**Q** 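Can you keep this structure in mind? I'll have questions shortly.
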Amino acid sequence: MSKRTFLQPLCVGGESAVTRFLLVFLLFAPVSAQELTVIRAGRLIDVEKGDVLHDKVIYVRGDKIEKIASPRASEIPAGARVIDLSKYTVLPGLIDCHTHLVDLPQSSGPGAPLEQSPAQMAFNGARNAKKTLMAGFTTVRDVGTYRAFVDIALRDAINDGTVLGPRMAAAGAYITVSSGGGDITGLSPDIVLPPDLRAGVANSATEVRQRVREILHRGADFIKIIATGAVLTRGTRPGVSEFSEEEIRAAVEEAAKYGARVTAHAHGADGIKNAIRAGVQSIEHGSLIDDEGLRLMKERGTFLVADIYNGDYIAENYKRLGYPDEFIRKNEETTEAQRAGFRKAVAAGVKIAYGTDAAVYPHGDNARQLPYMVKYGMTPMGAIQSATINAARNIGWEDRVGSIAPGKFADIIAVEGDALSDLSRFMNVAFIMKAGQIVKTPEK
Ligand SMILES: [Zn+2]
């Protein structure tokens, strides 16, 4: 006997014509400002207070959350669409603060980023954006692309409804020293790269300011600066500082004129401290952080965005996939050190925002890191807060996303049963709504 569905998820084939019509209608019908949807939540995670509430209803009108109430059937207006998630844990859409939706990592062929046209990268980005949204991640901070500004085109295509994906904060390009962690390296020295692959290359404070302006003028939401060498960039060393504190401060000051934040890729202890002292919003990776760095982060309220899952993915897969031994070695040198530093950071009360470096491992597996956050010291609630309200604060979007609260976007997901009992359950998010539009519903 075939199972009945009231709506099947996008990824399941064989829908009936009627179901397909209904799904397409729900996905693409304009959301009326008057349309009311009422969601019955068996468990509702209040990420601001760190509480689980029981038996609540969420009113969604148009693209926003109107109110949260206790269920009294008489209160639900006739004609409202009712979604029954009474057997689910309901929470705000997840946020990943470190993705690369349009990027391919540098692979065994040093020219890999050169093998794709901007158009191909844009289509890859559309595919990756859909996978990310269908994993329950309704917002990402996308921290850069080798081919500049393709991410901004993707963000705009998502915002105008052309592409299905998470809302994006986009970096536009990497600010990097020439031949540094954010440059295309490993090529024959006589190869001259096209300008859109070097849009963020800067070698002085003056050049950093110039690049920051150019990137923000082209529509970036924030600036990503590569403060140290990288694991997956040939020739560079994660422990080596590539920009000085003064050069990073130039980026922070110039971005601040535009109201934009700066986040720093930093593995080495000195590079991390340079970036914190320069006033960055967050440290990406933070692999080799020392006690002084932890103290500075705590003092200044700098967020740590540590991708503590993907070291396992690299160790298990990159050799087989043909990546150079150098990448494998640098991954070994940073993975466990990063996890030890993360554990200390959690214990010290450093602010943590969830970020996974999706692109290094397959897009759409963004939730795989959640159990790692618990394994390395966080409570399950703390891990969920890092991927919701704290991530929103890190981006500066806490006024619109990150919690289920009146006036915020109706970005709502649900996981069957008691989701906090085992965060690996987040690999199978059953219900996803973005801005009031349902993109996935449970199978019945
Ligand atoms: Zn990254």
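Everything quoted here is computed from the prediction, not taken from an experiment. All ligand and atom numbering here is 1-based and tracks the order in the structure.
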**Q** Using 2.8 Å as the cut-off, note every protein N, O or S atom close to the Zn ion (ligand 1).
**A** His98 NE2, His100 NE2, Asp357 OD1
**Q** Hey, do the aromatic rings of Tyr361 and Tyr309 have their centres closer than 6.0 Å?
**A** yes
**Q** Classify the ring geometry between Tyr354 and Phe137 as parallel (under 30°), tilted (30 to 60°) or perpendicular (over 60°).
**A** parallel
**Q** With a 4.5 Å cut-off on side-chain heavy atoms, are Lys224 and His98 touching?
**A** yes
**Q** Step through the shown structure and confirm whether more than 12 heavy atoms of other residues, nucleotides or ligands are within 6.0 Å of CZ on Arg218.
**A** no
**Q** Consider side-chain hydrogen bond (donor to acceptor under 3.5 Å, both in side chains). Of Thr356, Asp312, Asp307, which one does Tyr372 pass it with?
**A** Asp312
**Q** Over 60° means perpendicular and under 30° means parallel, so classify the ring planes of Tyr146 and Tyr174, tilted if in between.
**A** perpendicular
